[in-house]
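The chains referred to below are lettered A, B, ... by the order of the sequence lines, with proteins before strands, and numbering in each begins at 1.
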2 protein chains.
Amino acid sequence: MSKGEETRRQIVATALTRAGEIGLEGVTLGSLADELELSKSGLFAHFRSKEALQLAVIDEAEQRFVDQVIREALRAPRGEPRVVALFEHWLRWFRLGDHPRGCIFLSLSAEYDDRPGPVHDAVVSSQKRWLEWIRGAAERAVETGHFRPDLDPAQFAFEFTAIGMSLQFQSKLVQDPQAERRAREAFGGLLDRSRISH
Amino acid sequence: MSKGEETRRQIVATALTRAGEIGLEGVTLGSLADELELSKSGLFAHFRSKEALQLAVIDEAEQRFVDQVIREALRAPRGEPRVVALFEHWLRWFRLGDHPRGCIFLSLSAEYDDRPGPVHDAVVSSQKRWLEWIRGAAERAVETGHFRPDLDPAQFAFEFTAIGMSLQFQSKLVQDPQAERRAREAFGGLLDRSRISH
DNA sequence: AGAATAAAAGCACGATCGGTCGTTCTTGTC
DNA sequence: GACAAGAACGACCGATCGTGCTTTTATTCT
């Protein structure tokens with residue numbers, strides 16, 4: 001890997017971390033350059049616009065998410081086990097992280113839900129892909145007979161993501177140490193309701 | 001009401017609206033002054049610091065929330081009806097609004113969850129009060145015999161707020177027109193699980 | 001080693017940030 | 001209607017914003 005590529009990576013990685021703390025819009029070229037001990041113009045030259053940097057950050061975040069959550073979950077057998085794996089790896093993504101803790105996409109979603117432009121569009125489409133993954137996994141669980149045939153997969157995805165958001169909220173903002181336990185409890189309930197019989 | 005008080009109100013109200021769109025940190029004294037056709041210094045004199053303005057905005061938001069959601073819900077009889085009323089008025093709060101649509105507190109929560117300071121503290125304490133209201137209402141519903149005696153009210157509050165967050169996410173970001181229906185469906189399920197018997 | 005190329009630094013720009021003046025105009029009170 | 005208090009103003013501060021352009025320094029390739 002060339003030198004320039006290497007620094008570019010470092011810039012994006014650091015920007016990603018800061019974006020999780022103070023928001024993507026709040027990540028400033030000057031402060032970023034200071035932290036990386038680069039000149040502002042030297043840093044800027046890698047992207048040629050702030051928006052390009054922002055899009056690069058989102059791209060990097062999604063790549064990591066696919067690697068650490070989706071790809072990992074795909075190793076579980078399809079049906080309910082894969083749905084569970086999706087949830088468990090999502091929890092892991094919340095917990096650890098180069099990003100300080102919690103999911104950057106939730107921060108990004110809140111930050112750009114009312115702000116049009118290419119960055120908004122990138123956030124939206126990445127979130128749609130994530131929702132689609134959950135919906136698809138639920139759909140397969142219906143096909144394999146783990147879940148009720150009359151289950152609405154989109155409704156399942158709605159409640160699935162709801163749990164993650166509440167987790168982020170309660171663990172980061174309100175600092176409830178039991179947040180993760182609560183999330184697991186809620187997910188267990190969701191699974192119960194989704195299964196055959198009862 | 002004196003003249004100064006009146007303009008101060010207008011400033012806070014406008015700032016509240018803008019905060020819902022671009023975030024509280026993004027509401028700039030200059031842009032705010034332009035929109036209200038005031039000089040920046042004239043506007044500034046009402047607060048003497050940007051932070052004071054931000055705190056005033058949060059205060060105003062919470063006051064409205066108490067008026068439009070909590071106080072309204074208290075008119076319903078205690079127990080399950082009040083829990084339902086709390087949810088319904090919360091939905092109403094999401095729908096309409098001086099703020100463009102959606103709950104400002106969710107935006108604020110995401111914006112300040114990693115940013116220490118007085119504004120962060122104000123957001124946290126207002127959110128704790130809200131959680132406490134939900135928890136208390138669930139607790140009363142247990143006492144009145146509507147809800148299972150072994151229900152964990154804090155868990156109920158966790159799942160209650162989860163639904164609202166997913167609603168905001170799906171209706172604002174992903175623009176799902178069925179989001180509110182999904183939220184109602186999820187809440188119905190939560191109620192079912194919370195009631196006596198089954 | 002030396003030439004070609006890429007990366008970083010330096011410097012400057014116009015705009016805007018939150019904030020501070022002293023001054024002027026508008027209010028409310030007697 | 002005089003007068004003090006309060007509201008709004010315009011000019012300006014140092015700092016920082018994103019973005020150019022030019023020059024110097026590293027890296028890469030022959």
Side-chain angles (χ1 to χ4, degrees), chain A residues 1-19 21-60 108 111-112 115-120 122, chain B residues 1-19 21-60 108 111-112 115-123:
Chain A
M1 176 164 30
S2 76
K3 177 81 196 310
E5 210 173 322
E6 169 64 25
T7 38
R8 195 191 142 103
R9 260 181 202 289
Q10 281 187 320
I11 295 171
V12 172
T14 306
L16 179 53
T17 303
R18 293 288 150 269
E21 296 167 5
I22 55 174
L24 187 51
E25 211 69 29
V27 177
T28 238
L29 298 183
S31 62
L32 206 51
D34 280 353
E35 183 172 353
L36 290 160
E37 289 177 310
L38 266 168
S39 70
K40 196 168 55 147
S41 55
L43 184 149
F44 181 78
H46 283 272
F47 304 95
R48 306 213 316 276
S49 85
K50 192 189 182 182
E51 192 178 275
L53 167 60
Q54 293 174 324
L55 292 172
V57 167
I58 293 175
D59 199 65
E60 169 71 15
L108 287 172
E111 195 173 355
Y112 289 98
R115 207 189 283 239
V119 180
H120 168 272
Chain B
M1 174 163 32
S2 75
K3 178 80 194 314
E5 210 173 323
E6 170 63 26
T7 40
R8 195 191 141 102
R9 262 182 201 289
Q10 280 186 320
I11 295 171
V12 172
T14 307
L16 179 53
T17 303
R18 292 289 149 267
E21 296 168 6
I22 55 174
L24 187 52
E25 212 68 28
V27 177
T28 240
L29 298 182
S31 62
L32 205 52
D34 280 355
E35 182 171 353
L36 290 159
E37 290 176 309
L38 267 168
S39 69
K40 194 171 56 147
S41 54
L43 182 148
F44 180 80
H46 283 273
F47 304 94
R48 306 213 318 277
S49 85
K50 192 189 182 184
E51 193 178 274
L53 167 60
Q54 294 174 324
L55 292 172
V57 167
I58 293 175
D59 199 67
E60 169 73 15
L108 288 172
E111 195 173 355
Y112 289 98
R115 209 188 282 237
V119 180
H120 168 273
D121 297 346
V123 172

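The residues A:R18 and A:E21 are annotated as salt-bridged, a charged nitrogen and a carboxylate oxygen being separated by less than 4.0 angstrom.
Atom CD in B:E25 sits about 12 Å away from atom C1' in C:dG18, given to the nearest Å. D:dA7 atom P lies 12 Å from atom CZ of B:R48, rounded to whole Å. If you measure from atom CG of A:L53 to atom C1' of D:dT19, you get 14 Å, rounded to the nearest angstrom. Separating the CD atom of B:Q54 from the P atom of C:dC17 is a distance of 14 Å, rounded to the nearest angstrom. In this structure, CG of A:L43 is placed 12 Å from P of D:dT19, rounded to the nearest angstrom. Per the geometry, CG belonging to A:L36 stands 11 Å off P belonging to C:dA9, to the nearest Å. Residue B:K50 contributes atom NZ, which lies 15 Å from atom P of C:dT20 at whole-angstrom precision. What separates NE2 of B:H46 from P of D:dA7 is a distance of 6 Å, to the nearest Å.
Contact annotation: the side chain of B:Y112 approaches that of B:L24 to within less than 4.5 Å [non-hydrogen atoms, C-beta and beyond]. Between B:L53 and B:V57, some side-chain heavy-atom pair lies under the 4.5 Å cut-off. Side-chain atoms of B:E25 and A:E25, non-hydrogen and from C-beta on, never get closer than 4.5 Å to each other.
In terms of polar N and O atoms assigned as donor or acceptor, the side chain of A:S41 comes within less than 3.5 Å of the base of C:dG10 in a complementary pairing. Not a single donor-acceptor contact under 3.5 angstrom links the side-chain atoms of B:K40 to the base of D:dG10.
Residue B:L38 is classed as a sugar-phosphate contact, given heavy-atom separations below 4.0 Å to backbone atoms only. Among the heavy atoms of the strands lying under 4.0 Å from A:T28 are primed sugar atoms or P, OP1, OP2 only; no base atom is included.
Distances shorter than 4.0 Å separate none of the side-chain N or O atoms of A:S2 from OP1 or OP2 on D:dT27.
B:T17 places a side-chain N or O within 3.5 Å of a backbone atom of B:A13 that can act as its donor or acceptor partner.
Out of D:dG10, C:dG18, C:dA8, the shortest distance to the side chain of B:L29 is found at C:dG18.
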